[in-house]
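Reviewing the structure listed below.
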2 protein chains.
Amino acid sequence: MPPVKPRSSAPLYAQIRQLIVAALAAGEWRPGDALPSEAALAARFGASAGTVRRALDELTAAHIVERRQGSGTFVATHAAPRQQFRFLRLVADDAASGFARQLLGCRRVRASADVAHALTLRTGEPVIEVRRLLHRRERPVVLDELWLPERHFEGLTAEVIEAHPGTLYALFETSFGVHMVRAEEKLRAVAATPQTAALLGVQAGAPLLSVERLAYTYGDRPMELRRGLYHTDADHYRNELN
Amino acid sequence: MPPVKPRSSAPLYAQIRQLIVAALAAGEWRPGDALPSEAALAARFGASAGTVRRALDELTAAHIVERRQGSGTFVATHAAPRQQFRFLRLVADDAASGFARQLLGCRRVRASADVAHALTLRTGEPVIEVRRLLHRRERPVVLDELWLPERHFEGLTAEVIEAHPGTLYALFETSFGVHMVRAEEKLRAVAATPQTAALLGVQAGAPLLSVERLAYTYGDRPMELRRGLYHTDADHYRNELN
DNA sequence: CAGTGGTCTAGACCACCAT
DNA sequence: TGGTGGTCTAGACCACTGC
């Protein structure tokens, strides 16, 4: 990894931030690994400790790395307890409790036009389609359908999913080297179709919260399209606005 | 305003951040005003420029102040073009366009139990209730109902609202000195009642996105409860997850 | 105890804005 | 041209972790 170009227009801390992300994308450090110390990174990039620190500050804010005073700086991982439901904003109206997962299907299909467009693939390229149901208190609350580009997820089968105890994002990390960094969601209210109503245990036509999520890995590359239908009678989608 | 306590346990930059927020809450600087320069604030708080800068960094991230290189640091205001729709995440599926406002009512009522609880009032205390409709392309898309503690909004009437060209949050700032800093929202899908359906031009039972928002002013004091029903056929609620 | 991140300082230089 | 925020440095000291 070369040192930083001195004549570039972008601030040094931004260049260092990008170089660290590039190293993460290249797999130099894996989720959960410790990064070199701030002093070591400063030496590597030929910058002062304060400048490296600023780059790490921003990566910490973006949940790309995680700092632990006294121990070091670590690559963020969806396996960490805090990150478990980082992207699932559905919470119970009363006291929270976890979800039980039920896999409905996992198969290789050809990307439809809209799936391909979202994932920047060509229509008809192979994608893996997963369908699942999440239950809370023995009742179905989320019907999820998601698509992944097959070339990054070769070998993902129902058996692999069933055998994995953690979240899907943790599985993507450990088994496929794909770490999701951020996501964009589009929410709408829709009416349950007869099929979705049956799966979620509601009447056809009942209102459901539709959540379409596009998740990105390092370098803003879209890697997962997800369409969820949330039953929001006893749960709600929680959001904070700044 | 006294200088910072040297022996306190919280970091100096956090104390300075809180002192600045307290000064904002006390009205020392109003939205749109320039704060003293970083050097002047450093002198006032008896800290170095770097420490004051860190406090301002955090206030900038929270959209409480806004920096302009070469000019100074300014108190954030909802009147600024960028902040216009900071809390309204509903965007059109195609090209964006603005909203037209229609006031349905503004009256003084007694707080119901849930409204009072959200605003930390006692049940029956006077609140101002506002109801409006937002239109896009001549079609109603948002039915809004909101409640404000009367003691902070004395004199808020339909005429005042109709006469104000900007957003409600800008009006709250200029006429009542209440600046909203952040908000929490709870989203669900609900079925339109006959009344709401008529106002939004949909069938009774049609799915609507219900958005309950609690907005806070400086010091995390809740100042507005808002319940919106969004018609999401040609619009969606956009969210970014980090 | 050594090594790590967390805080705080002092100062230099640059980029931008207003006048 | 003077004042403002933006970047970058060098170094001191503290708090915490793990051996």
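As a basis for the values below, the full set of heavy atoms in this structure was taken, side chains included, without hydrogen atoms, waters or symmetry mates. In what follows, chains are A, B, ... by sequence order, proteins preceding strands, each numbered from 1.
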Next on the checklist: What range of DNA chain C does chain B touch, first nucleotide to last, counting atoms under 4.0 Å from its heavy atoms?
Outcome noted: C:dT7 to C:dC17
Next on the checklist: For nucleotides 14-19 of chain D, give me one character per nucleotide, 5' to 3': B if any protein heavy atom sits under 4.0 Å from the base, S if the only such contacts are to the sugar-phosphate, - if neither.
Outcome noted: -BBB--
Checklist entry - Is it true that B:Glu184 and B:Arg182 make a salt bridge, defined as a side-chain N closer than 4.0 Å to a carboxylate O? => result yes
Item to check | Any B:Thr73 side-chain nitrogen or oxygen under 4.0 Å from OP1 or OP2 of D:dG5 | outcome: yes
Checklist entry - Measuring from A:Phe153:CZ to A:Glu224:CD, what's the distance to the nearest 0.5 Å? => result 7.5 Å
Checklist entry - Which part of the nucleic acid, if any, lies within contact of A:Ala39, taking any heavy atom under 4.0 Å across all strands shown: a base, the sugar-phosphate backbone alone, or nothing? => result nothing
Item to check | Residue whose closest nucleotide on DNA chain D lies nearer the 5' end, A:Gly50 versus B:Glu38 | outcome: B:Glu38
Item to check | Pairwise side-chain contact, B:Val75 with B:Ile64, heavy-atom cut-off 4.5 Å (strictly under) | outcome: no
Checklist entry - Thinking salt bridges, do A:Asp94 and A:Arg137 make one under a 4.0 Å N-O criterion? => result yes
Checklist entry - So what does A:Arg54 hit on the nucleic acid, given a heavy-atom distance under 4.0 Å: a base, only sugar-phosphate, or nothing? => result sugar-phosphate
Checklist entry - Do B:Glu66 and B:Thr73 meet the criterion of a side-chain donor-acceptor pair at a distance under 3.5 Å? => result no
Checklist entry - Between B:Tyr237 and A:Tyr237, what is the ring plane arrangement, given parallel below 30°, perpendicular above 60°, and tilted in between? => result perpendicular
Item to check | Test side chain to side chain contact (heavy atoms under 4.5 Å, CB included) applied to B:Leu225 and B:Leu146, B:Val115, B:Val127, the passing residue | outcome: B:Val115
Checklist entry - Pick the nucleotide of DNA chain D nearest each of B:Leu56 and A:Ala49; which residue has the one closer to the 5' end? => result B:Leu56
Next on the checklist: Quick test of your reading of the model: are B:Glu212 and B:Arg227 salt-bridged, counting only N-O distances below 4.0 Å?
Outcome noted: yes
